[in-house]
A.B. asks: 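Structure provided below as structure tokens; questions to follow.
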Amino acid sequence: MSTSYNPEIVELDAQKYWDDDHSFEVSEDANKEKYYCLTMFPYPSGKLHMGHVRVFTINDVIARYQRLQGKHVLQPMGWDAFGMPAENAAIQRGIPPAKWTYANIEDMHGQLKRLGYAYDWSRELITCKPEYYRWEQWLFTKMFAKGLVYRKKSIVNWDPVDQTVLANEQVIDGRGWRSNALIERREIPQWFMKITDYADELLNELDHMAGWPESVKTMQRNWIGRSEGVELSFDVNDENESLIVYTTRPDTLMGVTYMAVAIEHPLAKKSAASNPDIAAFIEQCKQTDAQEATLETMEKKGMSLGMSAIHPLSGEEIPLWVANFVMMTYGTGAVMAVPGHDARDWEFAKKHGLPIKQVIAPQDGTDIDVKAAVYLEHGVLVNSGQYNGLDSDTAFNAIADHFEKTGLGSRKVNYRLRDWGVSRQRYWGTPIPIIYCDDCDAVPVPEDQLPVILPENIEVKGTGSPLKDIPEFVNAPCPRCGKAARRETDTFDTFIESSWYFARYACPDSDSAMLDNRAKYWAPVDQYTGGIEHAILHLLYSRFFQRVMRDEGLTDISEPFTNLMTQGMVLKDGAKMSKAKGNTVDPADLIKKYGADTVRLFMMFAAPPEQSLEWSDDGVHGSFRFLKRFWSAVISHAAVGKVNVLDISILTDAQKDLRRKVHQTIVKITDDFGRRHSFNTAVAASMELFNAVNKFRDMSDNGRAIEREALESIVLMLSPIVPHICHALWQELGHESALIDQSWPEHDESAIAFELVEIVVQVNGKLRSRISVAVDMSKDEVEKNALADENVKRFIGDNNVSKIIVVPGKLVNIVV
RNA sequence: GCCCGGGUGGCGGAAUUGGUAGACGCAGCGGACUUAAAAUCCGCUAUCCGAAAGGGUGUGUGGGUUCAAGUCCCGCCCCGGGCACCA
């Protein structure tokens with residue numbers, strides 16, 4: 001082996017060894033403790049970017065660490081292959097999405113191999129293949145049979161020029177990205193999955209998921225948004241149907257001064273039919289995209305419907321409005337407005353001159369003016385007739401009881417979570433296995449006719465789905481009556497593919513079932529790593545799908561991911577790396593220049609995994625320099641020859657110090673890897689130990705034996721991060737068997753023991769001195785030593801010592 | 001607008017349970033080696049005052065709790081992620 005570090009030779013050699021040895025291919029072994037270590041699979045966009053390299057390296061470090069801990073590790077990789085970019089590429093370049101996607105997968109596969117990840121490539125999944133997506137079609141038909149899917153109208157972004165539905169991303173400042181036309185909200189029929197049936201379970205289980213970050217659990221809790229309230233009905237003058245509203249504040253019921261419905265609400269539609277002004281207003285409100293952020297930040301607009309509802313307690317007439325901020329998708333699409341005690345209602349009332357009435361007063365009796373400022377707190381009821389004087393909680397129950405007795409309302413638990421709309425009006429996705437028959441309505445495709453295969457050789461124009469233009473695809477006999485019928489041309493949301501792929505890795509070749517017995521061995525995923533941007537949608541959908549699969553008898557597991565790590569983004573010049581901003585760094589260029597190990601090392605060293613990482617070319621160079629120094633230090637140590645067995649009975653102080661440092665570092669790095677996932681500090685600790693070895697320079701038998709112990713420990717402990725160089729250095733150190741088959745180093749408690757400890761002395765909390773004391777010295781003795789220090793005496797001066805705090809082994813604080 | 005994060009030297013970051021702020025690395029400065037450059041090696045490096053010893057200040061910002069606050073509490077500012085059709 002060469003004395004200078006040549007990463008390309010070292011890395012290709014190690015990779016060849018792993019390939020020839022099939023080192024990372026695993027099968028089910030009941031005698032070994034399994035460890036399933038997974039990263040969120042990539043979309044095959046064409047080129048690997050730094051964000052990919054970061055997440056894959058983090059996961060690879062964990063996988064390799066767990067292997068050294070003796071676990072039977074599965075780390076698979078695959079491709080989330082359906083999605084919009086393939087259609088965009090197809091429009092721009094005239095290549096079918098399938099062709100573009102498969103070419104990208106091939107390129108990126110090669111780039112991943114060059115990074116040396118410990119993947120079991122024999123399990124590689126590609127979600128756009130019928131062998132994969134047939135099973136989600138199958139599950140959909142099972143869900144259909146159980147009533148877990150249904151069709152209803154829902155709102156999409158409609159581009160009136162391109163005559164097509166746009167994704168939120170394709171709407172820029174309210175306009176279509178290609179046509180530049182103003183986008184409209186439009187209702188079309190779509191398929192939904194009843195995730196709300198699982199809302200309570202998805203919510204409650206979060207309390208038992210100790211391996212998930214608190215922030216992600218909080219986001220999911222808030223997203224599900226369970227609330228307890230009362231649903232009640234208001235009669236509407238001259239109408240047969242009453243208006244149903246949901247409120248979490250029935251205690252403010254007597255403060256209702258108006259009501260508002262969404263523009264899609266039946267009452268609004270009915271008014272619009274006879275009143276052109278209202279119709280015009282609704283049309284105007286439709287001139288916007290369908291994003292919640294747009295809805296929440298836009299100007300609050302409304303118009304009186306000229307109708308009124310009857311207050312169920314007072315019998316007063318309450319004016320009825322239509323407003324753009326009421327969402328048809330939450331609650332009943334109608335709200336009772338209490339401007340005195342709700343911020344949005346208050347703002348709207350002020351703008352439109354609607355009355356504001358105080359019905360809640362502060363508990364402490366303070367006077368407030370709700371016309372000047374909204375009062376949101378709970379308190380004591382006023383201006384509320386028989387409920388006056390009750391506190392908010394008591395009033396909640398009294399009013400709820402009243403409505404339940406009269407039958408005009410009832411207590412209700414509501415969720416912010418909505419059912420999952422899975423229809424997409426796009427080509428490049430899994431065909432929804434439904435056939436529409438004039439007589440039998442929507443009929444699921446029977447199991448023996450699955451999969452419904454997506455034709456791949458196709459031209460995409462960007463105006464509606466090309467599937468509609470393929471008669472061989474669209475025309476199909478009704479599976480129930482045999483009459484000529486039409487196939488659904490919408491495809492599934494691509495989140496469906498990513499909601500179960502983690503389970504399929506266990507049995508990627510199973511052609512008789514979605515999951516087989518092998519899945520029982522590997523599930524659940526022990527460690528899941530991916531971007532924080534997936535905190536809600538992907539992770540919630542996966543938790544839902546896992547339960548659907550469970551209830552279908554495919555698995556006993558409810559939670560798919562035991563431990564979750566969400567890694568931060570890769571930034572350059574303070575912004576997320578993106579083509580649009582022109583601040584990308586191509587991993588391939590860096591690997592060519594420095595090798596994969598340097599890139600991996602920098603990624604792990606530059607920032608803790610959960611934080612965003614600021615890219616630095618200089619920093620990469622520093623990592624390369626460290627590897628070069630590490631290489632030559634080990635090579636020159638090995639060149640001297642074999643070392644003798646260490647005799648710990650005759651160690652010098654310097655030898656004891658280095659040995660202590662070695663074993664302290666083992667303790668620290670083990671904790672950093674295993675418990676804290678703090679890879680940046682693990683690297684720093686390795687560097688510190690390495691610096692200590694370099695300063696050591698002791699060619700005695702014991703000296704060389706300790707140096708060997710130190711270098712071998714560093715090689716083993718850095719190997720999850722820089723596996724290639726460590727593979728080579730392990731051989732240089734004279735070992736026959738491969739590094740990946742070794743065990744993680746264990747520390748020697750006796751090496752860590754020390755006699756003296758440095759204690760900090762503060763006077764009034766300010767650092768004034770340091771004293772060195774015996775490790776077992778009593779508190780009184782430590783105090784005496786501290787008070788005897790010259791600088792400490794100077795700061796105490798003539799003052800009386802009022803208190804002394806001693807933190808054993810750490811500090812003394814003298815308060816004067 | 002709502003939900004979740006983050007803000008520490010010139011830069012990336014460390015400080016794990018309220019107990020020494022700035023580990024480790026980069027950049028910079030000084031030196032060694034070299035015809036020279038690169039590479040490598042050694043030393044210094046928060047800031048202000050001071051010859052030094054030592055001292056003052058300092059973790060976005062304003063308050064508070066505590067013997068002690070980067071860490072806990074309250075308010076504010078700024079940056080990032082998500083908001084259901086980007087993945």
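First the proteins, then the strands, lettered A, B, ... as listed; each starts at 1. Keep in mind the model is a prediction, meaning the values are calculated, not measured.
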A.B. asks: Roughly how many Å is it from CG in A:Leu767 to P in B:rA21, rounded to a whole number?
C.D. replies: 6 Å
A.B. asks: I want to verify a distance call: between B:rC85, B:rG55, B:rA15, whose nearest atom is closest to the A:Thr681 side chain?
C.D. replies: B:rA15
A.B. asks: Looking at B:rA68, B:rA15, B:rA87, which one has an atom nearest to any side-chain atom of A:Asn813?
C.D. replies: B:rA68
A.B. asks: What contact category does A:Val171 fall into here, base, sugar-phosphate, or nothing, at under 4.0 angstrom with non-hydrogen atoms?
C.D. replies: nothing
A.B. asks: Enumerate, atom names and distances included, each donor-acceptor pair closer than 3.5 Å involving a side-chain atom of residues 671-683 of chain A, sequence neighbours excluded.
C.D. replies:
residue, atom, partner, partner atom, Å
A:Asp671, OD1, A:Arg675, NE, 2.7
A:Asp671, OD2, A:Arg675, NH2, 2.8
A:Asp672, OD1, A:Lys668, NZ, 3.4
A:Asp672, OD1, A:Arg676, NE, 3.1
A:Asp672, OD1, A:Arg676, NH2, 3.1
A:Asp672, OD2, A:Lys668, NZ, 3.1
A:Asp672, OD2, A:Thr681, OG1, 2.9
A:Asp672, OD2, A:Ala682, N, 3.3
A:Arg676, NH2, A:Thr681, OG1, 3.4
A:Ser678, OG, A:Asn680, OD1, 3.4
A:Ser678, OG, A:Thr681, OG1, 2.6
A:Thr681, OG1, A:Ser678, O, 3.0

A.B. asks: Distance to the ring centre below 6.0 angstrom and angle to the axis at most 45 degrees; does that hold for A:Arg416 and A:Trp223?
C.D. replies: yes
A.B. asks: Suppose you measure atom C1' in B:rG12 against the same atom in B:rU8; what distance do you get, rounded to whole Å?
C.D. replies: 12 Å
A.B. asks: Counting any heavy atom closer than 4.0 Å, what does A:Arg221 reach on the DNA or RNA strands: base, sugar-phosphate only, or nothing?
C.D. replies: nothing
A.B. asks: What's A:Val815 touching, base or sugar-phosphate or nothing? Going by heavy atoms closer than 4.0 Å.
C.D. replies: sugar-phosphate
A.B. asks: Find the runs of at least 3 consecutive base pairs, i with j, i+1 with j-1 and so on, that include RNA chain B, using Watson-Crick or G-U wobble geometry with both distances under 3.5 Å.
C.D. replies: B:1-7 with B:77-83, B:10-12 with B:24-26, B:28-32 with B:40-44, B:46-49 with B:54-57, B:60-64 with B:72-76
A.B. asks: Kindly point out which of B:rC83, B:rG82, B:rA87 is positioned nearest to the side chain of A:His534?
C.D. replies: B:rA87
A.B. asks: Among B:rU57, B:rG19, B:rC86, which nucleotide has an atom closest to any side-chain atom of A:Ala167?
C.D. replies: B:rC86
A.B. asks: Which nucleotide wins on minimum distance to the side chain of A:Ala606, given the candidates B:rA84, B:rA14, B:rG12?
C.D. replies: B:rG12
A.B. asks: Taking it one step at a time, do A:Asp197 and A:Phe544 satisfy side chain to side chain contact (heavy atoms under 4.5 Å, CB included)?
C.D. replies: CA-CA 10 Å; A:Asp197 274 12; A:Phe544 165 60; over 6 Å; no
A.B. asks: I'd like to know if A:Lys668 reaches the base of B:rU16 with its side chain, counting only an N/O donor and acceptor under 3.5 Å.
C.D. replies: yes
A.B. asks: From the options A:Asn764, A:Asp789, A:Leu787, select the one residue that forms a side chain to side chain contact (heavy atoms under 4.5 Å, CB included) with A:Ile814.
C.D. replies: A:Leu787
A.B. asks: Side chain of A:Val807, heavy atoms from C-beta onward: which of B:rU16, B:rC85, B:rG19 has the nearest atom to it?
C.D. replies: B:rG19
A.B. asks: Remember a base hit wins even if backbone is also touched, and classify A:Met298 as base, sugar-phosphate or nothing at under 4.0 Å, heavy atoms.
C.D. replies: nothing
A.B. asks: Checking all strands, does A:Phe495 fall into the base, sugar-phosphate, or nothing category for heavy-atom contacts under 4.0 angstrom?
C.D. replies: base
A.B. asks: Rounded to the nearest angstrom, tell me the gap between atom CD in A:Gln291 and atom C1' in B:rC85.
C.D. replies: 9 Å
A.B. asks: Contact class for A:Arg770 vs. all strands (heavy atom < 4.0 Å): base, sugar-phosphate, or nothing?
C.D. replies: base
A.B. asks: What interatomic distance, in whole Å, is found between C1' of B:rA46 and the corresponding atom of B:rG9?
C.D. replies: 4 Å
A.B. asks: Of the options B:rG81, B:rC85, B:rG56, whose atoms approach the side-chain atoms of A:Met569 most closely?
C.D. replies: B:rG81
A.B. asks: B:rG6, B:rA87, B:rC3: which one has an atom nearest the side-chain heavy atoms of A:Asn222?
C.D. replies: B:rC3
A.B. asks: Give the ring-plane orientation class for A:Tyr5 versus A:Trp631, where under 30° counts as parallel, over 60° as perpendicular and anything between as tilted.
C.D. replies: tilted
A.B. asks: Say you pick atom P in B:rG30 and the same atom in B:rC24; how far apart are they, in whole Å?
C.D. replies: 23 Å
A.B. asks: Under 3.5 Å, which N/O atoms of the protein pair with N/O atoms of nucleotides 25-29 of chain B?
C.D. replies:
residue, atom, partner, partner atom, Å
B:rG25, OP1, A:Asn691, ND2, 3.0
B:rC26, OP1, A:Arg625, NH2, 2.4

A.B. asks: Could you work out which one of B:rU20, B:rA87, B:rG1 sits closest to the side chain of A:Gln762?
C.D. replies: B:rU20
A.B. asks: Check whether more than 12 heavy atoms from other residues, nucleotides or ligands sit under 6.0 Å from atom NZ of A:Lys153, and answer yes or no.
C.D. replies: no
A.B. asks: Looking for any heavy atom pair under 4.0 Å, which part of the strands does A:Leu295 touch: base, sugar-phosphate only, or nothing?
C.D. replies: nothing
A.B. asks: Does a side chain donor of either A:Asn59 or A:Tyr528 reach within less than 3.5 Å of an acceptor in the other side chain?
C.D. replies: no
A.B. asks: Please report the distance separating the P of B:rU17 from the corresponding atom of B:rC11, rounded so that it comes out in whole Å.
C.D. replies: 27 Å
A.B. asks: Should the side chain of A:Glu533 and the base of B:rC86 be counted as holding a donor-acceptor pair, with the cut-off at 3.5 Å?
C.D. replies: no
A.B. asks: Indicate whether the side chain of A:Gln190 and that of A:Ser154 have a donor and an acceptor atom separated by less than 3.5 Å.
C.D. replies: yes
A.B. asks: Heavy-atom count around A:Lys351 NZ within 6.0 Å, excluding the residue itself: above 12?
C.D. replies: yes
A.B. asks: Please classify the nucleic acid contact of A:Pro42 as base, sugar-phosphate, or nothing, using heavy-atom distances under 4.0 Å.
C.D. replies: nothing
A.B. asks: Can you tell me which nucleotide in B:rG56, B:rC67, B:rA39 comes closest to the side chain of A:Ile805?
C.D. replies: B:rC67
A.B. asks: Between A:Lys301 and A:Phe325, is NZ or CZ placed under 6.0 angstrom from the six-membered ring centre and within 45° of the ring axis?
C.D. replies: no
A.B. asks: Any base atoms under 4.0 Å from A:Asn791, or only sugar-phosphate, or nothing? Heavy atoms, all strands.
C.D. replies: sugar-phosphate
A.B. asks: For B:rG43 versus B:rA23, give the span between their P atoms, rounded off to a whole number of Å.
C.D. replies: 15 Å
A.B. asks: If you look at every strand shown and take non-hydrogen atoms under 4.0 Å, does A:Phe690 touch a base, only sugar-phosphate, or nothing?
C.D. replies: nothing
A.B. asks: Looking at every strand, decide which applies to A:Glu610 at a 4.0 Å heavy-atom threshold: base, sugar-phosphate, or nothing.
C.D. replies: nothing
